Amino acid sequence: MSIGKPMSTESSDLEGQMKARTEAAESLRSRGVNPYANDFRVTHQIAELPVDVSVMTGEDGLTAESPRYAIAGRLVQVNEMGKARFLFVRGDRGEMLQLYVKADNADAFAAAKELGLGDFLGAEGPLFKTRKEKRALKCESLRILTKSIRPLPGKVLQEGSDVTDVGLLYRQRYLDFIVHPDKVEIFRKRARIVSGIRSFFDGLGYVECETRMLLSTNGGAAARPFKTHHNALDIDLFLRIATELDLKRLITGGIDRVYEIGRLFRNEGMDRTHNPEFTTIEFYHAYATYEDLMTLTEQLFEKLAVDVCGSTEIDYQGQAISLKAPFRRATMQELVGEPLTGKALVAAFEQRVEKTLIQPTFVTQHPIETSPLARKNDKDPRFTDRFELFINGREYANAFSELNDPVDQRARFASQVSAKAGGDEEAMDYDEDFCRALEYGMPPTAGEGIGIDRLVMLLTNQASIRDVILFPQMRPDET
RNA sequence: GGGCCCGUAGCUCAGCCGGUAGAGCAGCGGCCUUUUAAGCCGUUGGUCGUGAGUUCAAAUCUCACCGGGCUCACCA
């Protein structure tokens with residue numbers, strides 16, 4: 001654990017508030033109350049408590065037989081009433097419980113008076129219905145569980161005083177979650193999406209594999225890598241920009257269906273849809289073609305949309321998107337509408353067509369010049385058996401029938417190397433071992449990569465990749 | 001990298017045709033034994049992102065820089 005900044009670097013108001021809270025903690029300690037106790041046992045999470053107020057009695061109706069509940073959570077609001085007070089406690093999913101404490105219970109009331117907003121507390125007692133027909137837990141006991149030394153920004157519950165400093169919220173995600181408990185739901189959905197993907201492929205007999213992140217050659221995609229250094233071997237290494245080549249080594253080794261869900265690192269620009277580290281799934285299927293993968297992709301997207309959104313018909317930032325299969329399929333040349341080839345075709349596609357592909361569209365038959373790992377089309381060797389899936393003008397998946405001809409692969413690598421020598425910083429290195437693997441023979445295979453962060457954005461209706469990555473890359477905080 | 005916008009109290013903001021700072025909430029001190037994300041009274045807290053310039057005087061005008069956002073470009 002690192003050493004915190006001394007409080008003297010804070011402004012005087014914050015420093016004053018923190019000093020008061022620190023002294024409050026010390027005061028508790030001096031009276032034998034541990035402000036960081038961990039011996040309180042909850043019987044219920046707040047989300048598990050009964051919610052039907054109509055069957056609850058008023059406070060006067062409570063008896064010794066009324067069920068008791070022991071709950072814990074963070075104090076976010078206090079309504080003081082003189083000799084009584086209501087404490088609003090928030091649980092794991094942002095759900096709230098009101099606690100009612102009266103001066104009659106001297107111990108609990110004294111404990112309540114010493115609590116500050118942001119403190120964690122534990123309380124025990126029965127539920128009742130207030131005069132305003134609201135659920136409340138009458139505290140028979142109440143104690144602090146954790147003292148919060150640093151004040152929460154503003155008043156968590158007050159409308160119109162929302163924290164809007166997005167830099168602060170991304171750097172201090174915990175604070176974001178405290179202030180915006182609904183944002184946690186995005187990440188719960190993300191977890192469902194990832195486990196949904198995993199179960200989809202597991203169910204089809206794929207083997208989940210974990211390949212290297214540190215590599216001595218850069219390849220598998222067109223991107224600039226992060227470099228690092230291994231001291232014991234005294235060699236420079238790259239962080240992987242793709243999982244492709246290692247997964248195809250596994251196909252060569254005889255694992256006919258493999259996938260990897262994992263982090264990739266690309267040393268490039270950042271914007272609404274790019275973060276230097278991001279998550280993909282790549283999967284490889286022996287004896288399949290890129291056309292098989294289009295069908296598979298449709299099934300996956302449909303399943304995830306239904307699981308997470310409840311329907312294949314979703315809204316993304318005001319745009320209605322239908323993830324109902326089948327998706328449109330068209331060759332890049334058809335979409336461009338001109339008999340272009342090579343990089344000119346790709347340039348025309350990116351310039352004129354890409355942004356217009358709102359509904360899911362498989363764009364097939366990419367030129368060989370931009371597809372160094374894809375299999376040539378049998379009828380027209382200027383193109384590859386490849387597709388990219390576009391939705392809302394963005395790329396979601398990239399797939400192809402894999403190039404498994406070692407002679408062809410060597411020629412493609414050689415072309416990449418000369419491109420790199422000519423200044424293309426995103427060109428791949430010549431991966432000799434990968435060529436060797438192909439020389440032993442890799443079965444005919446199709447493979448695909450899907451950007452999971454963008455998929456999560458789509459299915460959770462988030463505009464920025466930073467809203468689906470827990471700790472997005474930020475310039476270091478200098479404060 | 002280009003364009004536009006923003007940076008004032010812990011948080012959200014006002015003040016910006018120049019005269020060295022305000023509000024709400026939070027905090028602190030009081031009052032109130034069923035409140036609604038309470039109410040009432042009082043109160044602490046800011047070298048106004050940093051630096052330079054113009055001026056008798058700068059939060060306010062000018063320039064540079066730093067940080068952030070949006071947008072365009074680049075980018076598989």
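We name chains A, B, ... by the order of the sequence lines, and we start the count at 1 in each one. Bear in mind the structure is a predicted one, so any value in this text is a computation, not a measurement.
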Separation between CG (Leu121(A)) and CZ (Arg143(A)), nearest 0.5 Å, reads 10.5 Å

The side chain of His274(A) lies closest to which of these nucleotides: U36(B), C11(B), C75(B)?
-> C75(B)

In whole angstroms, how far is the P atom of U35(B) from the CZ atom of Arg135(A)?
-> 18 Å

For the side chain of Asp165(A), starting at C-beta, report the closest nucleotide among A26(B), C74(B), U12(B).
-> U12(B)

Same-atom distance (C1') from A21(B) to A37(B), integer angstrom = 31 Å

In whole angstroms, how far is the P atom of C11(B) from the CG atom of Asp176(A)?
-> 15 Å

Inspect the surroundings of NZ in Lys183(A) and state if more than 12 heavy atoms from other residues, nucleotides or ligands are less than 6.0 Å away.
-> yes

Arg90(A) side chain N/O closer than 4.0 Å to the phosphate oxygens (OP1, OP2) of A37(B)?
-> no

If the C1' atom of C70(B) is compared with that of U62(B), how far apart are they to the nearest Å?
-> 26 Å

Kindly state whether the ring of Phe177(A) and the ring of Phe187(A) have centres lying under 6.0 angstrom apart.
-> yes

Does Lys132(A) put a side-chain nitrogen or oxygen below 4.0 Å from OP1 or OP2 of U35(B)?
-> yes

Please report, rounded to the nearest Å, how far the P atom of G27(B) is from the CG atom of Asp119(A).
-> 11 Å

Do Thr384(A) and Gln365(A) meet the criterion of a side-chain donor-acceptor pair at a distance under 3.5 Å?
-> no

Any donor-acceptor pair under 3.5 Å from Glu354(A) side chain to Gln351(A) backbone = no

For residues 332-344 of chain A, tabulate all N or O donor-acceptor pairs below 3.5 Å that involve a side-chain atom, not counting sequence neighbours.
unit_1	atom_1	unit_2	atom_2	d
Gln333(A)	NE2	Leu340(A)	O	2.7
Glu334(A)	OE1	Thr331(A)	N	3.0
Glu338(A)	OE2	Arg352(A)	NH2	2.9

Whole-Å distance, Arg394(A) CZ to C75(B) P, equals 18 Å

Does one side chain, of Asn461(A) or Gln317(A), offer a donor that lies under 3.5 Å from an acceptor on the other?
-> yes

With both distances under 3.5 angstrom, what nucleotide forms a Watson-Crick or G-U wobble pair with G1(B)?
-> C72(B)

C13(B) versus A59(B) - spacing of their C1' atoms, nearest Å | 14 Å

Out of G69(B), C11(B), G27(B), whichever nucleotide has its closest atom nearest the side chain of Val163(A) = C11(B)

Could you tell me whether Asn398(A) contacts a base, only the sugar-phosphate backbone, or nothing, with contacts defined as non-hydrogen atoms closer than 4.0 Å?
-> nothing

Find every protein N or O atom lying less than 3.5 Å from an N or O atom of nucleotides 2-7 of chain B, and list the pairs.
none

When you measure from the centre of the six-membered ring of Phe109(A), is the NZ or CZ of Arg85(A) under 6.0 Å away and within 45° of the axis?
-> yes

Hey, does Tyr396(A) reach any base, or is it just sugar-phosphate, or nothing, if we go heavy atoms under 4.0 Å?
-> nothing

Taking any strand in view, what nucleotide pairs with G67(B) in a Watson-Crick or G-U wobble way, both distances under 3.5 Å?
-> C6(B)

What is the nucleic acid contact for Arg466(A), judged by heavy atoms within less than 4.0 Å: base, sugar-phosphate only, or nothing?
-> sugar-phosphate

pair_partner(C13(B)), Watson-Crick or wobble, both distances < 3.5 Å, evaluates to G22(B)

Look through every strand shown and name the nucleotide pairing with G42(B) as Watson-Crick or G-U wobble, where both distances are under 3.5 Å.
-> C28(B)

In whole Å, what separates the P atom of C16(B) from that of G7(B)?
-> 13 Å

Between G30(B) and G67(B), how far apart are the P atoms? Round to whole Å, please.
-> 46 Å

Does a sphere of radius 6.0 Å around CG in Asp405(A) hold more than 12 heavy atoms from other residues, nucleotides or ligands, not counting ones at 6.0 Å or beyond?
-> yes

Going by distance alone, is a donor N or O of one side chain under 3.5 Å from an acceptor N or O of the other, for Tyr284(A) and Glu282(A)?
-> yes

So which nucleotide from G10(B), U36(B), A26(B) ends up closest to the side chain of Asp13(A)?
-> G10(B)

Looking across every strand, which nucleic acid part, if any, lies under 4.0 Å from Ala222(A) by heavy atom: base, sugar-phosphate, or nothing?
-> sugar-phosphate

Whole-Å distance separating the CD atom of Gln77(A) from the C1' atom of G39(B) = 12 Å

Atom pairs, protein N/O to nucleotides 28-32 of chain B N/O, distance under 3.5 Å:
unit_1	atom_1	unit_2	atom_2	d
C32(B)	N3	Gly82(A)	N	3.0
C32(B)	N4	Glu80(A)	OE1	3.2
C32(B)	N4	Gly82(A)	N	3.4

Can the ring centres of Tyr290(A) and Phe400(A) be said to be less than 6.0 Å apart?
-> no

Please measure how far the P atom in A64(B) lies from the corresponding atom in G18(B), and state the result in whole Å.
-> 23 Å

Applying the 3.5 Å cut-off to both distances, the Watson-Crick or G-U partner of U62(B) turns out to be A52(B)

Taking it one step at a time, do Leu97(A) and Leu127(A) satisfy side chain to side chain contact (heavy atoms under 4.5 Å, CB included)?
-> CA-CA 10 Å; Leu97(A) 176 67; Leu127(A) 290 172; 4.1 Å; yes

Remember a base hit wins even if backbone is also touched, and classify Val346(A) as base, sugar-phosphate or nothing at under 4.0 Å, heavy atoms.
-> base

Between atom CG in Asn79(A) and atom P in U35(B), what is the gap in whole Å?
-> 10 Å

Rounded to whole Å, CD of Gln351(A) lies from P of C72(B) at a distance of 15 Å

Look only at the side chain of Asn392(A) and the backbone of Arg394(A), and say whether a donor-acceptor pair between them is shorter than 3.5 Å.
-> no

Nearest-nucleotide pick for Leu117(A), side chain only, options being G27(B), A37(B), U36(B) | G27(B)

On RNA chain B, nearest-nucleotide positions of Asp424(A) versus Tyr100(A): which is more 5'?
-> Tyr100(A)

Base partner of U33(B), which must satisfy Watson-Crick or wobble distances under 3.5 Å | none

When the P atoms of G45(B) and G22(B) are considered, how many whole Å apart are they?
-> 12 Å

Reckon Arg272(A) touches a base, only the sugar-phosphate, or nothing at all at heavy-atom distances under 4.0 Å?
-> sugar-phosphate

Pick the P atom in A23(B) and in C40(B), then give their distance to the nearest Å.
-> 16 Å

Could you check which of U71(B), U36(B), G67(B) has an atom nearest any side-chain atom of Phe88(A)?
-> U36(B)

Over how many whole Å does the gap from Leu87(A) atom CG to U33(B) atom P extend?
-> 16 Å

State whether Arg131(A) places a side-chain N or O below 4.0 Å from either non-bridging phosphate oxygen (OP1 or OP2) of U36(B).
-> no

